[in-house]
Amino acid sequence: MRLFVSEGSPGSLPVLAAAARVRGRAELLISTVGPEECVVPFLARPKAPVLQLDSGNYLFSTSAICRYFFLLSGWEQDDLTNQWLEWEATELQPALSAALHCLVVQGKKGEDVLGPLRRALTHIDHSLSRQHCPFLVGDTESLADIVLWGALYPLLQDPTYLPEELGALQSWFQMLSTQEPCQRAAETVLKQQGVLALRPYLQKQPQPRLPEGRAVSNEPEEEELATLSEEDILMAVTAWERGLGSLPPLQPQQHPVLPVAGERNVLITSALPYVNNVPHLGNIIGCVLSADVFARYSRLRQWNTLYLCGTDEYGTATETKAMEEGLTPQEICDKYHAIHADIYRWFNISFDTFGRTTTPYQTKITQDIFQRLLTRGFVLQDTVEQLRCEQCARFLADRFVEGVCPFCGYEEARGDQCDKCGKLINAIELKKPQCKVCRSCPVVRSSRHLFLDLPKLEKRLEDWLGKTLPGSDWTPNARFIIRSWLRDGLKPRCITRDLKWGTPVPLEGFEDKVFYVWFDATIGYLSITANYTDQWERWWKNPEQVDLYQFMAKDNVPFHGLVFPCSALGAEDNYTLVKNLIATEYLNYEDGKFSKSRGVGVFGDMAQDTGIPADIWRFYLLYIRPEGQDSAFSWTDMMVKNNSELLNNLGNFINRAGMFVSKFFGGCVPEMVLTQDDRRLLAHISWELQHYHQLLEKVRIRDALRSILTISRHGNQYIQVNEPWKRIKGSEVDRQRAGTVTGVAVNIAALLSVMLQPYMPTVSATIQTQLQLPLPACRILVTSFICALPAGHQIGTVSPLFQKLENDQIENLRQRFGGGQLEESLELKAKRSPKPAVVEEVSAAGPQQIRMLMEEVTKQGSIVRELKAQKADKNQVAAEVAKLLDLKKQLALAEGKPIETPKGKKK
């Protein structure tokens with residue numbers, strides 16, 4: 001067989017992706033031809049893609065070529081796939097052709113491009129959302145997936161045209177786009193030009209037209225209601241009528257939480273934060289807050305759930321911070337562990353245990369895993385060339401070296417990994433390396449170290465991934481990162497460091513070294529559990545009965561999805577390995593990055609000083625959770641979402657529902673006589689509730705939050721249409737109708753209070769108190785909408801849930817956290833009245849350290865002078881001045897001098 005494809009021909013995308021199916025099954029030659037080249041002798045015009053069969057016949061249709069490849073691979077045809085292919089040809093392609101023509105040929109953008117296609121994209125999203133499967137036809141990719149992906153890729157590879165609200169479509173598209181055959185197809189056809197590569201092809205096509213009379217709509221609610229069958233409505237009404245009696249028995253809360261045979265046992269971890277850093281909003285949403293939502297949801301399902309985290313306390317970062325603050329490493333760990341714990345407590349993170357890695361159990365378990373790896377031949381010894389900072393007089397940990405990435409040229413790559421291209425780096429490979437502490441150029445020195453023999457463990461890892469990934473909920477970015485590592489081939493990875501603060505290496509000749517923090521940090525999950533319960537092995541050596549979910553930002557994926565699994569597989573001790581690895585992209589701050597030194601962005605210890613409640617922070621961070629791509633925190637957007645989604649939508653509905661009960665019915669839920677419209681509403685609420693469950697079971701946290709807001713919108717519409725405030729003044733029939741609407745509405749509010757619990761626990765508890773919701777209904781989230789507040793139920797006092805955020809309030813916060821808080825602190829220092837200098841009893845440092853600090857003060861002074869001469873941004877200048885003042889303070893302490901109060905300038 002011979003396949004002819006052409007660069008810039010959209011039909012070539014899916015056929016190249018499908019061609020991977022026949023690799024090893026049939027001989028296939030792929031030829032790339034020019035746009036004007038005729039490859040079929042009996043056609044007068046060029047045509048691509050074309051498949052020339054061994055019989056001499058030709059296939060011209062994209063879907064026919066893809067179907068042929070799938071049939072050769074052993075695929076069996078099914079009706080659902082055929083329906084999708086028919087829909088793609090008759091519905092999707094006309095709309096897609098119009099959208100591409102608008103964008104590429106006419107140069108239009110935005111809604112002009114997306115408008116013709118929105119209905120079709122919404123249809124795909126709803127179809128994916130209704131089922132429990134990640135693909136269009138089932139658990140594995142099908143012919144329909146490849147054909148639709150290939151058609152949509154040129155447009156949707158630009159995130160602008162992949163609507164954020166279509167979460168199921170986003171996940172599906174990204175999952176396929178990260179697969180190697182699809183990536184190769186895109187590179188071949190689009191040649192890194194994106195959709196513009198299609199311009200020569202599209203310019204030769206007649207201008208497409210959408211079928212007349214078809215309205216493009218982004219409001220699927222009415223359509224969804226219309227698709228409910230009588231059976232769906234009957235089932236919803238039956239569930240409603242069963243009420244609280246349908247709830248399962250409430251499981252008693254146990255301590256410690258332990259897995260139970262025959263039940264669902266969920267173990268949840270969030271990446272251990274470095275102890276010496278105060279977490280910013282991006283750290284919080286990427287790890288602890290996302291995991292907290294899933295942990296709270298798991299408990300509402302009455303699954304045996306253990307959620308743990310802790311501070312990662314070993315390594316150079318801690319030693320450096322201790323030196324900066326004049327404390328011992330242990331004192332630094334104690335100080336910052338308490339800071340972390342306070343921050344997470346304020347954000348209402350529901351850890352079952354929040355531990356730390358500086359414990360005897362950490363040493364015991366890490367050394368045991370190492371010894372098992374050593375005796376099984378998975379540890380190598382080798383001499384390593386390392387970067388040593390002569391000015392700081394020590395070997396530099398990877399994260400304390402910065403330079404130019406040797407792969408992509410990124411100028412701020414760390415010594416272990418490039419944040420831009422994601423590749424792992426040996427620090428000595430960096431171009432133009434710098435010590436991050438003193439900014440001098442380090443030199444290369446040799447040292448003997450231990451390595452984990454990853455190539456020897458690669459086959460075990462691939463076998464494990466082959467069993468784990470199908471049907472799992474690994475996020476697309478996590479799958480892609482691990483595949484990239486395996487595609488490049490694993491290399492031995494150094495697991496020791498020349499430090500003192502760490503887990504000791506129990507091997508002769510290596511007594512002066514400790515384990516590399518990323519070998520033993522992930523073992524911290526085990527030691528934290530061991531400090532929580534002496535039965536920790538029931539969680540961590542029980543892969544048959546425990547589902548392990550691990551939450552992190554994408555930069556942590558290699559260590560959780562590859563390094564620790566290799567260590568555990570090599571140790572051969574039946575360890576529980578991650579079943580679902582949930583990785584976010586990065587959260588940025590406004591138009592830049594979070595920076596503590598420059599005073600840019602909101603950090604965990606600052607959020608509580610804004611006057612904005614923790615639940616509002618939780619809501620907004622979860623609303624913008626960076627699931628498929630990087631997202632950005634925006635003060636304006638936070639204000640808009642608070643005022644529209646929380647105040648005007650959710651809060652308005654719940655408050656009105658409760659107030660109607662209080663005002664019109666003396667605080668007592670009235671009798672409800674359901675009409676057909678009411679029954680249909682119950683069915684639709686049940687459908688949305690089931691959709692919420694489907695999304696959270698797949699850990700699609702941001703999309704599930706949209707389901708809550710959708711139900712609230714339906715509740716508001718229901719009240720608005722039926723106008724109970726008017727009917728209560730009318731005839732007996734009208735008053736009865738007002739009672740029914742009020743009763744149904746307050747039960748929707750009760751349901752929302754439970755659905756909200758994973759996202760906004762304090763608001764959830766407030767609603768439940770106001771409605772006096774029975775305890776079982778508060779603690780269990782069922783899969784169908786039930787009448788939890790029957791007629792006669794007495795509610796409590798109702799009051800507003802949310803407050804409006806004002807423009808001036810938000811503008812003040814924007815300025816304060818755009819570098820303003822640093823400016824304020826400097827101004828306060830300058831305004832302080834001079835006090836008599838108090839000489840602290842300090843022992844002067846050695847001459848080498850004093851000389852080093854003097855050089856740093858001189859260097860930093862030059863930086864400040866240059867910035868002032870260039871009239872640089874005042875926030876940048878203030879940040880560098882603060883560094884200079886801090887260095888001068890360090891120098892004074894080192895010389896044993898009293899600390900002088902900086903004098904303000906005379907006006």
Side-chain angles (χ1 to χ4, degrees), residues 236 239-253 293 296-302 348 350 615 618-619 646 649-672 681-682 685-686 688-690 692-693 696 704-705 707-709 711-712 714-716 718-719 739-802:
W240 164 269
E241 290 174 345
R242 283 202 298 264
L244 292 172
S246 64
L247 291 177
L250 195 58
Q251 300 281 3
Q253 293 180 320
V293 172
R296 288 175 178 275
Y297 172 72
S298 298
R299 296 182 192 116
L300 284 174
R301 298 297 301 274
Q302 297 213 93
N348 218 336
S350 62
D615 268 15
R618 287 177 62 112
F619 168 82
L646 292 182
N649 175 16
L650 185 67
N652 180 54
F653 167 67
I654 292 173
N655 187 251
R656 290 170 88 191
M659 286 302 294
F660 290 156
V661 176
S662 297
K663 185 176 179 181
F664 302 147
F665 301 97
C668 195
V669 177
E671 291 286 341
M672 290 162 273
L681 176 66
L682 299 186
I685 300 294
S686 275
E688 199 65 58
L689 171 60
Q690 287 157 14
Y692 168 93
H693 280 295
L696 277 182
L705 180 55
S707 288
I708 295 173
L709 300 173
I711 290 177
S712 178
H714 287 314
N716 272 316
Y718 178 62
I719 288 175
T740 299
V741 172
T742 299
V744 170
V746 80
N747 270 281
I748 295 174
L751 171 67
L752 287 170
S753 76
V754 189
M755 295 175 72
L756 267 176
Q757 205 268 356
Y759 294 89
M760 305 178 78
T762 302
V763 170
S764 166
T766 301
I767 299 167
Q768 290 169 0
T769 300
Q770 291 183 8
L771 300 182
Q772 292 292 292
L773 189 62
L775 182 62
C778 297
R779 297 258 298 272
I780 301 172
L781 183 57
V782 291
T783 53
S784 295
F785 180 29
I786 64 169
C787 181
L789 303 177
H793 174 86
Q794 190 75 34
I795 70 169
T797 303
V798 177
S799 59
L801 297 169
F802 305 109

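Leu646 CG to Asp615 CG: the interatomic distance, rounded to the nearest 0.5 Å, is 9.5 Å. Here Gln251 contributes atom CD and Arg299 contributes atom CZ; the two are 14.5 Å apart, rounded to the nearest 0.5 Å. Here Ser707 contributes atom OG and Leu752 contributes atom CG; the two are 11.0 Å apart, rounded to the nearest 0.5 Å. In this structure, Glu688 CD and Leu709 CG are separated by 10.0 Å, a value rounded to the nearest 0.5 Å. Between atom CD1 of residue Ile748 and atom CE of residue Met755 there is a gap of 11.0 Å, rounded to the nearest 0.5 Å.
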Original post:
Between Gln302 and Leu250, does a side chain to side chain contact (heavy atoms under 4.5 Å, CB included) hold up when you go through it step by step?
Top reply: CA-CA 8 Å; Gln302 297 213 93; Leu250 195 58; 4.0 Å; yes
Original post:
Can you list the steps and then say if Val744 with Leu681 is a side chain to side chain contact (heavy atoms under 4.5 Å, CB included)?
Top reply: CA-CA 9 Å; Val744 170; Leu681 176 66; 4.2 Å; yes
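Note on ring orientation: taking the six-membered ring where Trp is involved, the planes of Tyr692 and Tyr759 are tilted (angle from 30° to 60°).
At a threshold of 4.5 Å between non-hydrogen side-chain atoms, the residues Leu650 and Leu756 count as touching. Contact check for Gln770 versus Leu801: side-chain heavy atoms found under the 4.5 Å cut-off. You'll find the side chain of Arg296 reaches within 4.5 Å of the side chain of Asn348, heavy atoms only. The side-chain heavy atoms of Arg301 and His693, taken from C-beta on, include a pair separated by under 4.5 Å.
Under the side chain to side chain donor-acceptor pair (under 3.5 Å) criterion, the residue pairs touching residues 741-753 are Ser753-Gln768, with sequence neighbours excluded.
Scanning both residues, Ala749 and Ile767, for their nearest heavy atoms gives O-CG2, 4.1 Å.
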Donor-acceptor pairs under 3.5 angstrom involving side-chain atoms of residues 652-665: please list them, not counting sequence neighbours.
unit_1, atom_1, unit_2, atom_2, d
Asn652, ND2, Asn716, OD1, 3.3
Arg656, NH1, Gln720, OE1, 3.2
Arg656, NH2, Gln720, OE1, 3.0
Ser662, OG, Gly658, O, 3.3

Side-chain atoms of residues 773-795: list all donor-acceptor pairs with protein atoms under 3.5 Å, sequence neighbours left out, distances to 0.1 Å.
unit_1, atom_1, unit_2, atom_2, d
His793, NE2, Leu771, O, 2.8
His793, NE2, Gln772, O, 3.1
Gln794, NE2, Gly666, O, 3.2
Gln794, NE2, Gly667, O, 3.2

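Between the side chains of Thr762 and Arg618, no donor N or O sits under 3.5 Å from an acceptor N or O.
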